[in-house]
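Have a look at the structure below before the remarks.
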Amino acid sequence: MTTDKTVTAPDGYVQPELDVRALTEVLDGEYAEIRDLVRTNLVTYASVLEEADGLGTDAYRERVRELVVEMAATGQTGMGFPKRYGGGGDVGASIAAFETAAFGDLSVLVKTGVQFGLFGGAILHLGTERHHDAYLPDLITGKLMGCFAMTETGHGSNVQALGTVARYDAAAQEFVITTEGDQARKDYIGNAARHGELAVVFAQLEVGGKSEGVHAFVVPIRSGGEVVPGVDIEDGGRKMGLNGVDNGRIRFDGVRVPRDALLNRFADVTPEGIYKSTIDNPDRRFFTMLGTLVQGRVSVGGAGVNAAKVALAVATKYALRRRQFAAGSQEEEQLLLDYGLHQRRLLPLVARTYALHFAQDVVRTQLHDVFSGVEDDPQARRRLEARAAGTKALGTWHATRTIQECREACGGAGYLAVNRFAALKADSDIFTTFEGDNHVLLQLVAKGLLTDYASEFEDLDQLGMVRYVTNLAVETVIEKTSAHKLLERVRDLLPGGDEWDQEAGLLDSEYQLAMVRYREEHMLAGVARRLKAGIDRKRDAGAVFSEVQDHVIAVAHAHIERLVLEAFVEKTRTLPEGGNKVALGLLCDLFALSTIEADRAWFMEHGRLTVQRSKAITREVNDLCRKVRPLAGGLVDAWGIPSAMLRAPDLVG
């Protein structure tokens, strides 16, 4: 299938011919088969999109549970588990399946994530063979439902400070799980209010009166559908969205579990009550345990990008059908997407969505390589954790912004529930919070940059990071970063020497890369200098960090945007010559220049953008929007969203 036949403009520009089917193959990549399975399932169960509007909360929850179990039977949800237990043995495929499922009902998606990603992932990655044998076969089919009981009312993102306690009773060879006060209540726990039979509970382990830090335990919370003694479960009630997921609150009052309930991949307790771990440093042990759960962040980031695709597909198709006001002397009213402002509203978001898609490909591959043992370097794992955190933040913020813009771009029609925006807005909004608050995640990204993912990386809290950085020369911090090395290489490729930012062409990808790399490097140097200056003045490390926190977030954001652009440029360069390569080149330029344009104040403040060049970038962005406009329909079709998932008959036809 092709679209948009070649057109030559008066200025000699030749409009590329887009092969939509081939572009879908590029986007689906090596996981086309599992993505097509998910698309088939989405169409089979498309009625849930309407049922979500009409069913009461209890009935909707039951319907979502039914669908999760039925989809599990197709193999869609178990791709990341070992084949010996009925899984697919392919971590990358499991992420691709989850991403694609985000085209559909997001309650089904999140219920799937809770069951197979969080609950199942904790059993798989934190447990050992005894846990795998006991739970994975029934877990993978959905016969055994469970929850991931980490978050607490009073501790949120500060997992190291959890208040739930698990004390070892050596005489009984049991752990006693207790909720120590209201702040230690497990909160917002998916699958808890109705369907969960087991919970993986994160608690402070105490052995012989000594605290050994946070560990995970398998704890029964229901038996035969009834809540077990010592466990108190409260329904979380209706939420802003995702009301097909039964979130609840859990308290434990001296609940006893056997010694083998401890998920003991990284630490164990002997029958006599002796604590043992292969990782001596408690901070490193904690971060190693949490690092095994990075899959959730990668999944949510990809899901956010795909939710944005649904919104953009609806809004773009509507803009290609809806006419408003006559333009000039012609009698027929003009299509929305022929207006420059409408192009400006939607097409840079299409470009950014493509950019984030290819960035997600990179982080998914890194995850697969690390968890498959292909990449066994500890620094690779740290880089993965930081990249996953940052990509999740940018992907989910992009979803929130894009869905809102698309709703507005569809006018009053976009406010009707049948047109998907109501559910997309309500259900995806929480993506910016769960699996890590985005601002907290960007601090993790900055920490990795400032320490160059050093061996001390896991051991450093905020204060430790400040002290670590201030013990280095600022130049050392910069020299260690990949941004510095890459910028030096790019400068060699650009004309103009020190005037590279004035001499290079705006559509030169090396110029675009140099700009975002310069921004990252300059911001990183600034943070390091400010931290060092504060400590040199003998100020409290916590106060110093707090004062530069906005700067820390900015450098992390700049770093991830640089990685996203690099991923897009690299993907475009690897494509064979033809219309699709030209089209993706236009999108890549549009993403790069609109990114620079959005932060033009920074570039101008730091002498890397003149007023004239800034205006030239704006003109170029407008011109790129005009060039992308004839391709817009094909570009959103290439995402392969089943038409039943768009659901907006009056908008998309």
Side-chain angles (χ1 to χ4, degrees), residues 34 37-48 51-52 55 57-91 93-102 104-127 131-149 189-200 218-227 233 242-248 293 295-296 299-300 303:
I34 184 67
L37 169 63
V38 176
R39 288 183 179 110
T40 299
N41 285 340
L42 287 172
V43 173
T44 300
Y45 302 110
S47 62
V48 71
E51 292 163 351
L55 294 174
T57 300
D58 289 340
Y60 182 29
R61 287 173 170 180
E62 289 305 318
R63 180 60 176 147
V64 167
R65 186 197 65 78
E66 290 171 4
L67 293 187
V68 168
V69 173
E70 289 180 35
M71 287 182 179
T74 71
Q76 169 186 323
T77 60
M79 292 303 299
F81 294 100
K83 291 182 178 179
R84 62 178 287 198
Y85 297 108
D90 190 331
V91 176
S94 73
I95 304 295
F98 190 85
E99 294 164 359
T100 311
D105 179 85
L106 294 181
S107 281
V108 174
L109 178 84
V110 171
K111 183 93 166 176
T112 298
V114 168
Q115 170 69 13
F116 305 103
L118 295 177
F119 172 60
I123 298 283
L124 176 63
H125 296 302
L126 299 180
H131 305 108
H132 299 166
D133 291 344
Y135 304 120
L136 288 185
D138 285 347
L139 183 161
I140 291 169
T141 64
K143 179 181 178 182
L144 172 65
M145 284 276 178
C147 9
F148 183 84
I189 309 302
N191 267 356
R194 289 288 183 276
H195 300 136
E197 297 176 51
L198 294 179
V200 171
V218 180
V219 182
I221 58 173
R222 284 186 179 84
S223 179
E226 299 297 320
V227 177
I233 298 179
L242 298 177
N243 284 302
V245 182
D246 53 322
N247 294 83
L293 307 175
Q295 184 171 330
S299 298
V300 171

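Here the structure is a predicted model, which means the values were calculated and not measured.
Residue T74 forms a side-chain contact (heavy atoms from CB on, under 4.5 Å) with just one option from N41, T40, T44, and that option is N41.
A donor-acceptor pair under 3.5 Å is formed between the side chain of N191 and the backbone N or O of G146.
Shortest non-hydrogen contact noted between A193 and R61 is CB-NH1, 4.2 Å. In terms of heavy-atom proximity, G244 sits nearest to Y60 at N-CE2, 3.2 Å. Minimum interatomic distance between A192 and I233 (heavy atoms only, all atoms of both residues): O-CG2, 3.5 Å. In terms of heavy-atom proximity, F148 sits nearest to L118 at CD1-O, 3.4 Å. Residue S94 comes nearest to Q295 through the heavy atom pair OG-NE2, 3.6 Å, listed as atom of the first residue, atom of the second, then distance. Smallest separation of non-hydrogen atoms from T77 and I140: OG1-O, 4.4 Å.
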Step-by-step salt bridge (Lys or Arg N to Asp or Glu O under 4.0 Å) determination, R65 to D246: CA-CA 10 Å; R65 186 197 65 78; D246 53 322; over 6 Å; no
Pair L242-L106, side-chain contact (heavy atoms from CB on, under 4.5 Å): steps then yes or no: CA-CA 7 Å; L242 298 177; L106 294 181; 3.9 Å; yes
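To the nearest 0.5 Å, the span separating CZ on F116 from CZ on F81 amounts to 7.0 Å. Between the CG atom of L37 and the CE atom of M71 there is a distance of 9.5 Å, given to the nearest 0.5 Å. To the nearest 0.5 Å, atom CG of residue D105 and atom CG of residue L42 are 10.0 Å apart.
Contact annotation: the side chain of L198 never approaches that of V219 to less than 4.5 Å [non-hydrogen atoms, C-beta and beyond]. Side-chain contact between K111 and V108: absent, with no pair of heavy atoms (C-beta onward) separated by less than 4.5 Å. Side-chain contact check for H131 versus L124: every heavy-atom pair is 4.5 Å or farther apart. The shortest side-chain heavy-atom distance between R84 and H132 does not fall under the 4.5 Å cut-off. At least one side-chain heavy atom of V200 sits under 4.5 Å from a side-chain heavy atom of I123. Within the 4.5 Å cutoff, no side-chain heavy atoms of F119 are placed close to those of C147. Residues I95 and M79 fail the side-chain proximity criterion, which asks for heavy atoms closer than 4.5 Å.
Q115 and H195 are not linked by any side-chain donor-acceptor pair at a separation below 3.5 angstrom, with hydrogens and angles left out of the test. Side-chain contact annotation: D133 with Y85, donor-acceptor N/O pair under 3.5 Å present.
Here E197 does not pair with R222 in a salt bridge; the nearest charged N to carboxylate O distance is not below 4.0 Å. The pair D58-R63 does not count as a salt bridge, with every side-chain nitrogen at least 4.0 angstrom from each carboxylate oxygen.
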